[in-house]
Amino acid sequence: MTQILPFSATAIEQANALIRAGQPVAIPTETVYGLAGRADRGEAVAAIYAAKGRPSFNPLIVHVESLEDAEKLARFDDMSRDLARRLWPGPLTLVLPLRPDSGIASLATAGLDTVALRVPAHRAMRALLEATGLPLAAPSANASGSISATRAEHVMRSLGGRIPLIVDDGPTALGLESTIVGIFEREVTLLRPGPIGIEQINEVAGPIAMPRSRNRINAPGQLLSHYAPSKPLRLEADAAAPDEWLIGFGAVSGHANLSPAGHLVEAAARLFDLLHQADAQPLPNIAIARIPEQGLGLAINDRLRRAAAPREIPS
Ligand code: TXA
Ligand code: MG
């Protein structure tokens with residue numbers, strides 16, 4: 001059952017209680033409706049993916065109340081601080097180096113060492129950020145493969161029955177997802193065009209580079225890359241070879257286990273932590289148990305297959 005409540009103090013109180021309990025809530029921002037969940041708990045982030053039915057893990061945008069809160073999660077330089085001061089709150093997302101002590105769940109950044117941050121301008125999302133006092137991961141509130149939702153009815157059509165609550169505050173003003181820019185070593189790259197134009201960014205930050213290929217290996221400055229371990233990865237393993245560090249699942253126990261009980265939400269929440277842990281071991285290879293191809297298992301397997309594929313060479 002999905003409840004729709006008009007924006008009010010009561011609606012925000014209910015949304016706050018659900019978010020604290022790790023459940024996702026749909027709520028408008030000035031761009032599109034977002035499906036918000038606490039970004040500091042892997043299982044809450046996994047619940048967002050489960051509701052959307054997304055067959056892959058992409059890093060999500062983390063929403064915060066203020067630049068001050070954002071600085072607790074990522075490292076800002078003069079340029080990113082200038083952009084934030086001029087354009088926040090608003091439809092601009094900054095991808096910045098993640099602080100190691102940020103407390104952000106690795107599933108929210110899909111294991112990357114960067115984080116996408118935004119201070120939204122909409123009263124409903126701002127009220128929820130204030131009530132929870134938590135960073136909130138929020139992709140657009142639509143099922144995988146459908147278009148972004150700009151009205152509560154769109155969210156209901158797409159996610160009805162799969163989430164507990166939609167906070168309705170009418171149609172969104174912009175109807176288009178935020179502009180995303182990455183800032184790495186003083187180079188500004190446009191990662192997604194959106195409501196904030198390039199000219200507005202140029203005014204503050206000077207010339208900006210155009211989007212890069214999505215298919216390059218992970219290297220400093222390549223903000224679009226996906227995290228993959230640096231070691232060979234063997235899938236569907238029943239047991240570890242002597243040179244392998246085995247990530248278990250269910251009855252395949254391994255050196256560490258994604259979820260001894262075989263729960264896919266728990267496994268998704270721990271996936272990137274255990275891949276990083278495996279990468280840091282002295283053993284030269286990684287193996288991982290079979291993950292069922294259902295529910296969140298689809299997204300986990302998508303990520304594992306990419307991590308196991310031979311590396312592409314940067315051009
Ligand atoms: O307007 C918006 O931005 C909406 C509202 C709800 O705030 N949110 C939204 O989130 O569009 P989502 O998850 O649908 O889009 C996130 C985008 C993806 O294209 C993702 O690849 C990119 O942000 N992204 C997130 N973290 C990133 C990172 N660390 N590096 C590069 N790209 C990142
Ligand atoms: Mg989206």
Side-chain angles (χ1 to χ4, degrees), residues 24-37 39 45 48-49 51-52 54 56-65 70 73-75 80 87-99 102 104-122 124-126 128-129 135-151 154-155 158-159 166-167 169 172-184 188-196 209 211-216 218-227 272 299 303:
V25 169
I27 187 149
T29 76
E30 71 275 36
T31 59
V32 298
Y33 275 69
L35 187 60
V45 178
I48 297 174
Y49 280 104
K52 280 180 69 93
R54 221 187 218 183
S56 65
F57 294 129
N58 290 319
L60 304 179
I61 296 173
V62 174
H63 299 68
V64 291
E65 248 191 292
L73 307 179
R75 284 200 308 275
S80 42
L87 298 167
W88 280 355
L92 176 72
T93 295
L94 299 177
V95 175
L96 299 169
L98 180 68
R99 285 189 187 279
S102 68
I104 295 296
S106 62
L107 188 59
T109 62
L112 296 174
D113 55 8
T114 53
V115 62
L117 292 173
R118 179 158 107 78
V119 175
H122 194 284
M125 186 56 144
R126 294 192 65 78
L128 185 59
L129 287 165
L136 299 177
S140 49
N142 51 270
S144 176
S146 359
I147 54 162
S148 298
T150 56
R151 293 171 180 275
H154 299 164
V155 182
S158 187
L159 296 174
I166 302 169
V167 178
D169 199 16
T172 60
L174 298 172
L176 185 67
E177 279 108 331
S178 61
T179 303
I180 306 181
V181 301
I183 300 159
F184 199 88
V188 182
T189 305
L190 180 70
L191 300 177
R192 180 173 77 183
I196 301 263
R212 278 175 259 226
S213 153
R214 281 184 172 271
N215 298 316
R216 298 203 183 167
N218 207 10
Q222 301 202 330
L223 293 160
L224 286 171
S225 313
H226 283 289
Y227 169 75
F272 292 102
R303 176 58 53 229

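Ligands are counted one by one from 1 in listed order, and the atoms in each one are counted from 1 as well.
Judged by distance alone, the side chain of Arg126 and the main-chain N or O of Pro120 form a donor-acceptor pair under 3.5 Å. At least one donor-acceptor pair under 3.5 Å links the side chain of Thr172 to the backbone N or O of Thr31. Proximity of a side-chain donor or acceptor of Thr179 to a complementary backbone N or O of Ile196 within less than 3.5 Å is detected.
Note on ligand 1: Asn58 sits outside its first shell, no heavy atom being nearer than 4.0 Å. Residue Met125 places no heavy atom under 4.0 Å from ligand 1. Under the 4.0 angstrom criterion for non-hydrogen atoms, Thr109 is not in contact with ligand 1.
Atom numbering of ligand 1 starts at 1 in the shown order; those under 4.0 Å from a heavy atom of Thr31 are 1 (O), 2 (C), 4 (C), 5 (C). Heavy-atom contacts of His63 reach the following atoms of ligand 1: 5 (C), 7 (O) (cutoff under 4.0 Å). In summary, the atoms of ligand 1 found under 4.0 Å from a heavy atom of Thr114, numbered by their order in the structure, are 28 (C), 29 (N), 30 (N). Ligand 1 places these atoms under 4.0 Å from at least one heavy atom of Ile180: 17 (C), 22 (C), 23 (O). The contact set between ligand 1 and Ser140, taken as ligand atoms under 4.0 Å from a residue heavy atom, comprises 9 (C), 10 (O), 14 (O). Those atoms of ligand 1 that come under 4.0 Å of a heavy atom in Gly34, given as number and element, are 6 (C).
Taking each of Ala74, Pro91, Ala138 in turn, the one with a heavy atom nearest to atom 8 (N) of ligand 1 proves to be Ala138.
Arg118 and Thr29 share a side-chain donor-acceptor pair at under 3.5 Å. Judged by distance alone, the side chains of Ser178 and Thr93 do bring a donor and an acceptor atom under 3.5 Å apart.
Summarising the geometry, atom OH belonging to Tyr227 is positioned 10.0 Å from atom CG belonging to Asp113; distances are rounded to the nearest 0.5 Å.
Between Leu60 and Tyr49 the shortest side-chain heavy-atom distance falls below 4.5 Å.
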